Amino acid sequence: MIGLIDCNNFFVSCERVFDPSLAGQPVIVLSNNDGCVVARSNEAKALGIKMGIPVFQIRELIETNHVAVFSSNYSLYGDMSHRVMTTIDRLVPEIEIYSIDEAFINFEGFQMSSLPDYAQQLTKTIRKNTGIPVCLGIAPTKTLAKIANRYAKKYPGYKNVCIIDSEEKRVKALKCFPIEDVWGIGRQYKQKLNYYGIETAWDFIQKNESWIRKQMSVTGVRTWLELKGISCIAIEQNPSGKQNICTSRSFGEEISDFPVLLESVAYFTASCARKLRGQKSVAGIITVFLYTNRFKKEVPQYYPSITVHLPVPSANPGELIKYARMSLKQIYRPGYKYKKAGVIVSDITSASNVQCSLFDATDRHKQAKILSVIDTVNRKYGTDTLRSCAQPPNCFRKWSLKSQYISRRYTTNINDIIVLNCK
DNA sequence: TCTGGGGTCCTAGGACCC
DNA sequence: TCTGGGGTCCTAGGACCC
């Protein structure tokens, strides 16, 4: 059996841990730049606030219902996620961290009869240790565990745990489950499947394999098998590093000046380089892209991007910034108002076996030592304490994000921890 | 006025090889 | 008029996830 633990309204729950007065109140958390709604408490959902809606469209609703609004605080959510995952890891034999708020658990070899009690105990312990409420779905496959989890969330009668452990329960669960809520079925497939009269997960598994393959390729077949109870998607305990790494931001205000864009791109590049070093890898390709504001149909639009191959793969911010700067120069056109920029690094390989270049003049051994010192200093004194000259101090940033409603970094910033203790 | 930021996998088609 | 048969690699685009 496979379990799926999913934190309830995760970002909202994190805010509630440090401000208990939010319990029972409608609460929402916004995306970067205070743009869209990305998390909602049950009370906010009940008000009809949809996932992903731009916040300016629901200003009135927020005011009349006294909805508590938060900017996203990823330092806080990341740390709370780590606490939840650590708690689970201590209590189960095998865990796969699937996202910031979800983890699969391998219950292979567990005595079936002891599972319900054990599962209850697990959710209670997570709540007690971290303050975060979670639900647990258990079933023979990942896709079915996802469905079980959804039922555990939806019906309080389950007391946070739903187990699909018999043919009868599986059939019943599938018959009541909308096809678009199945893991792996998105907007496009919903449309297509509805067109063919498929409304529920049960309708879906009545089709034959070759039809599914023709319409949805092997990924569709995997979903189809998983729903039938045949496991196709294994638990991955040691996820390999990322194959692509991207840092991009929408700007608080639109930017036309090259030097300001360059600053932002230098920051994004340094961030990519840091993420690369975090997984002990290097990148051979760097892509820089710009976006004008796609919502302003009346102004000229321009979405350029450029990809550069590095002579030697690298995770050195100085070196990567050099190529990013060259790239930006090539795609930048004056006169446009840019709303977003970003950097992607790809062709990622392990830092321990880099293919050298015959003509490389850099002393890479020495460089690695410098980088390791920089990382040590920045871990101790904060990100970007030591940084490239291309990245001016934060206070000079003209391209900063809006985050009007941000809470404190209660668990990771010493000054905020002091504030919390005084409270 | 105001609209996020990350990722993955799969397939088809083109360019190339012998 | 008629034009083979087998591969590989790469990329863009489309689907999905949180």
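Since the structure is predicted, the reported quantities are computational estimates derived from the model, not experimental observations. Order of the sequence lines sets the chain letters (A, B, ...), proteins ahead of strands, with each chain counted from 1.
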A.B. asks: What does Arg59(A) touch in the nucleic acid at a heavy-atom separation under 4.0 angstrom: a base, only the sugar-phosphate, or nothing?
C.D. replies: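 The answer is nothing, as Arg59(A) stays clear of every strand by at least 4.0 Å.
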A.B. asks: Could you tell me from which nucleotide to which nucleotide of DNA chain B, 5' to 3', there is an atom under 4.0 Å from chain A heavy atoms?
C.D. replies: dC2(B) to dT11(B)
A.B. asks: Using heavy-atom distances to pick each residue's nearest nucleotide on DNA chain B, tell me which of Ile245(A) and Asn293(A) is more 5'.
C.D. replies: Asn293(A)
A.B. asks: Please evaluate residues Phe18(A) and Ser407(A) with respect to the criterion side chain to side chain contact (heavy atoms under 4.5 Å, CB included), reporting the C-alpha separation (whole Å), side-chain torsions for both, the decisive distance (0.1 Å), and the verdict.
C.D. replies: CA-CA 9 Å; Phe18(A) 298 95; Ser407(A) 51; over 6 Å; no
A.B. asks: Report which part of the nucleic acid Asn32(A) touches: base, sugar-phosphate, or nothing (heavy-atom distance under 4.0 Å, all strands).
C.D. replies: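 Answer is sugar-phosphate: Asn32(A) comes under 4.0 Å of backbone atoms only.
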A.B. asks: Which residue pairs pass the salt bridge (Lys or Arg N to Asp or Glu O under 4.0 Å) test with at least one member in residues 49-68 of chain A, sequence neighbours excluded?
C.D. replies: none
A.B. asks: When all nucleic acid strands are considered with a 4.0 Å heavy-atom cut-off, which category describes Val55(A): base, sugar-phosphate, or nothing?
C.D. replies: nothing
A.B. asks: Map Cys246(A) and Gly52(A) onto DNA chain B by nearest heavy atom, then report which one ends up closer to the 5' terminus.
C.D. replies: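 Result of the comparison: Gly52(A).
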A.B. asks: Quick one: sort the Tyr98(A) and Phe104(A) rings into parallel, tilted or perpendicular, breaks at 30° and 60°.
C.D. replies: perpendicular
A.B. asks: Kindly say whether the aromatic ring centers of Tyr291(A) and Tyr336(A) come within a distance under 6.0 Å.
C.D. replies: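 That pair fails the under 6.0 Å test.
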A.B. asks: Using the six-membered ring wherever Trp is involved, compare the ring planes of Tyr338(A) and Tyr332(A) and label them parallel, tilted or perpendicular (cut-offs 30° and 60°).
C.D. replies: tilted
A.B. asks: Just checking Lys192(A): base, sugar-phosphate only, or nothing, at a heavy-atom cut-off of under 4.0 Å?
C.D. replies: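 The answer is nothing, as Lys192(A) stays clear of every strand by at least 4.0 Å.
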A.B. asks: With a 6.0 Å cut-off on ring centres, are Phe70(A) and Tyr405(A) close enough?
C.D. replies: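 That pair fails the under 6.0 Å test.
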A.B. asks: Please classify the nucleic acid contact of Val182(A) as base, sugar-phosphate, or nothing, using heavy-atom distances under 4.0 Å.
C.D. replies: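 Sugar-phosphate contact only - Val182(A) comes under 4.0 Å of backbone atoms but never of a base.
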A.B. asks: Given Ser71(A), which of Asn32(A), Asn33(A), Asp34(A) fulfils the side chain to side chain donor-acceptor pair (under 3.5 Å) condition?
C.D. replies: Asp34(A)
A.B. asks: Would you mind classifying the nucleic acid contact of Ser72(A) as base, sugar-phosphate or nothing, using non-hydrogen atoms under 4.0 angstrom?
C.D. replies: nothing
A.B. asks: Is there a side chain to side chain contact (heavy atoms under 4.5 Å, CB included) between Cys7(A) and Val84(A)? Walk through the geometry before answering.
C.D. replies: CA-CA 9 Å; Cys7(A) 302; Val84(A) 170; 4.1 Å; yes
A.B. asks: Does Arg213(A) reach a base, just sugar-phosphate, or nothing at all? Heavy atoms under 4.0 Å.
C.D. replies: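 No contact.
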A.B. asks: Given Watson-Crick or G-U pairs with both distances under 3.5 Å, what dot-bracket string fits DNA chain B, with | for other-strand pairs and [ ] for crossing?
C.D. replies: ....||||||||||||||
A.B. asks: By the 4.0 Å heavy-atom rule, please label Asp101(A) as base, sugar-phosphate, or nothing.
C.D. replies: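 Sugar-phosphate: the residue Asp101(A), judged by heavy atoms under 4.0 Å, touches backbone atoms but no base.
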A.B. asks: Would you call the rings of Trp211(A) and Tyr196(A) parallel, tilted or perpendicular if under 30° counts as parallel and over 60° as perpendicular?
C.D. replies: perpendicular
A.B. asks: Given the P atoms of dC18(C) and dT3(B), what is the spacing between them in whole Å?
C.D. replies: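 Here dC18(C) and dT3(B) have their P atoms 25 Å from each other.
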A.B. asks: Scan Ile185(A) against the nucleic acid and name what it touches under 4.0 Å (heavy atoms): base, sugar-phosphate only, or nothing.
C.D. replies: sugar-phosphate
